[in-house]
Amino acid sequence: MNDFLQNMTPYQVAGILFAIALVAHVVLGFILSQVIKHTGRTKNQLDDHLIKAISAPLKVLIWFGWVYFSIVAFKNQIEALISVAEYIDITPIFIITWGVVRVISGVEAYLIEKDNSVDNDSVRLFARLIKILIVTAILLGVAQFLGFSISSLLTFGGVGGIVMGFAAKDMLSNIFGGLMLQMDKPFSTGDWIRSSEFEGTVEKIGWRMTRIRTFSKNPVYIPNSIFSSIPIETPSRMTNRRINEVIGIRYDDLKKMPLIVTEVENMLAAHKDIDQTQALRVYFNYFNASSIDFNLYAFTKTTSKDEYQKTKQDILLKVADIIDAHQAEIAFPTQTLHIQNSSES
């Protein structure tokens, strides 16, 4: 076979290699299509992601083989290709690294798409860290292969890191802030968060900033370092919604207050949508200017805004019925005008 190739011109060798690569490409495509058809009939989607991830790198390896052996065939005629041939043989390392990164991305996509208890933000974080570690290790290995001193590179990287740290302090604080968000998880993608400066739904937690969609549908981009310096409320993680109302009746109905308060408390204790394991209080609290007020304090079982509003509406209407049943009235601001009789002066 070697004698056969040696008797051929480089152009003929390159042509034969091209034909072999083309046939290998077609055969590989056929095999992969058959595998995809088989895996498509299974419930587990992981194999689909893995096949899709390795397909492109395998095809690129085939064509790299054609390029590499063609360069070897021509290097005796083109002097510049001799130095190219010395370094191009490390290219498969980069292609394989690309394939590994694609496989990690495929596993990441599978875990995100799968309906399970795995947190999507954690999956993204670990996938990114693994990719960074793999790429860094490969680059250091290639640098050593090319003759560079790893210890010198690391020393230079340490000094350069200090300089870059001072120059990009804000950017690094945002990156570390994003890392802390992923690890501490005060909120996740899809959560409703609120602070004194912004409120909305978290759409994406990036390395440098977090995108929040406000309720007016505007995107707001928050640098991650800000979250370490301000308190954040996460209403979407609430366990109950609170009803906290102050209701006033007339001073004329003061003697009816104990019965009204007792019946309102009994109504709440029997209400199917009120969580009886949480605090429940109904007390006469205030002498106000135009009313005597009692406080209604309870928690609903639901956290849905719509269901909460319906429950609260039902309770307030029942409170109004109780007040009316005792022939009392809900107070509103009034003024009494005393006119002095002229005969009294």
Side-chain angles (χ1 to χ4, degrees), residues 24-65 90-145 157 171-172 174-191 193 201-213 219 221 224 227 234 236-237:
H25 181 92
V26 172
V27 171
L28 177 63
F30 174 77
I31 294 173
L32 290 175
S33 65
Q34 295 301 311
V35 173
I36 290 173
K37 286 181 182 179
H38 175 72
T39 57
R41 291 192 289 267
T42 62
K43 293 182 179 180
N44 192 342
Q45 298 299 312
L46 178 60
D47 46 10
D48 297 330
H49 287 288
L50 295 180
I51 295 298
K52 183 178 179 181
I54 65 173
S55 296
L58 287 176
K59 292 176 181 178
V60 171
L61 276 175
I62 290 174
W63 290 107
F64 166 77
I90 64 172
T91 303
I93 297 176
F94 295 107
I95 298 175
I96 293 172
T97 303
W98 175 44
V100 172
V101 170
R102 284 174 59 90
V103 168
I104 295 171
S105 298
V107 175
E108 175 188 356
Y110 166 73
L111 292 175
I112 290 174
E113 291 174 4
K114 187 179 178 183
D115 184 17
N116 56 19
S117 58
V118 177
D119 183 78
N120 291 343
D121 292 328
S122 298
V123 171
R124 294 188 183 97
L125 171 64
F126 285 110
R128 290 171 185 171
L129 290 177
I130 292 172
K131 290 176 187 177
I132 291 172
L133 290 175
I134 290 175
V135 172
T136 302
I138 294 300
L139 290 178
L140 290 175
V142 170
Q144 187 173 18
F145 174 79
M171 183 180 70
L172 290 175
N174 288 328
I175 291 175
F176 281 107
L179 183 61
M180 291 301 102
L181 287 178
Q182 299 281 14
M183 295 178 65
D184 295 338
K185 311 203 83 53
F187 53 81
S188 303
T189 303
D191 279 347
I193 65 173
T201 303
V202 178
E203 286 193 337
K204 180 182 179 182
I205 303 175
W207 282 106
R208 195 172 66 85
M209 62 178 57
T210 295
R211 185 175 72 235
I212 296 172
R213 183 74 58 175
Y221 297 88
N224 289 331
F227 294 108
T234 312
S236 56
R237 295 185 181 181

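Here the structure is a predicted model, which is why all the values come from computation and not from measurement. Residue indices begin at 1 and follow the sequence shown.
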For the residue pair [X] and [Y], what are the closest heavy atoms and their distance?
X      : Y      : result
Leu32  : Ser55  : CD1-OG, 3.5 Å
Lys59  : Gly29  : CE-CA, 4.4 Å
Ile205 : Val202 : CG1-CG1, 3.8 Å

Option from Leu133, Ile132, Leu139 for which side chain to side chain contact (heavy atoms under 4.5 Å, CB included) with Thr136 holds:
Ile132
Side-chain touch Arg237/Ser188, heavy atoms, less than 4.5 angstrom:
yes
[atom1] of [X] to [atom2] of [Y]: how many Å apart, nearest 0.5 Å?
X      : Y      : atom1 : atom2 : answer
Tyr221 : Lys204 : OH    : NZ    : 9.0 Å
Ile134 : Leu129 : CD1   : CG    : 11.0 Å
Leu58  : Leu28  : CG    : CG    : 5.5 Å

Below 3.5 Å, can you tabulate the donor-acceptor pairs from side chains in residues 92-105 to any protein atom, sequence neighbours excluded?
unit_1 : atom_1 : unit_2 : atom_2 : d
Thr97  : OG1    : Ile93  : O      : 2.7
Arg102 : NE     : Ala53  : O      : 2.7
Arg102 : NH2    : Lys52  : O      : 2.8
Ser105 : OG     : Val101 : O      : 3.1
Ser105 : OG     : Lys131 : NZ     : 2.7

Does the side chain to side chain contact (heavy atoms under 4.5 Å, CB included) test come out yes or no for Ile193 and Phe227, once each step is laid out?
CA-CA 11 Å; Ile193 65 173; Phe227 294 108; 4.3 Å; yes
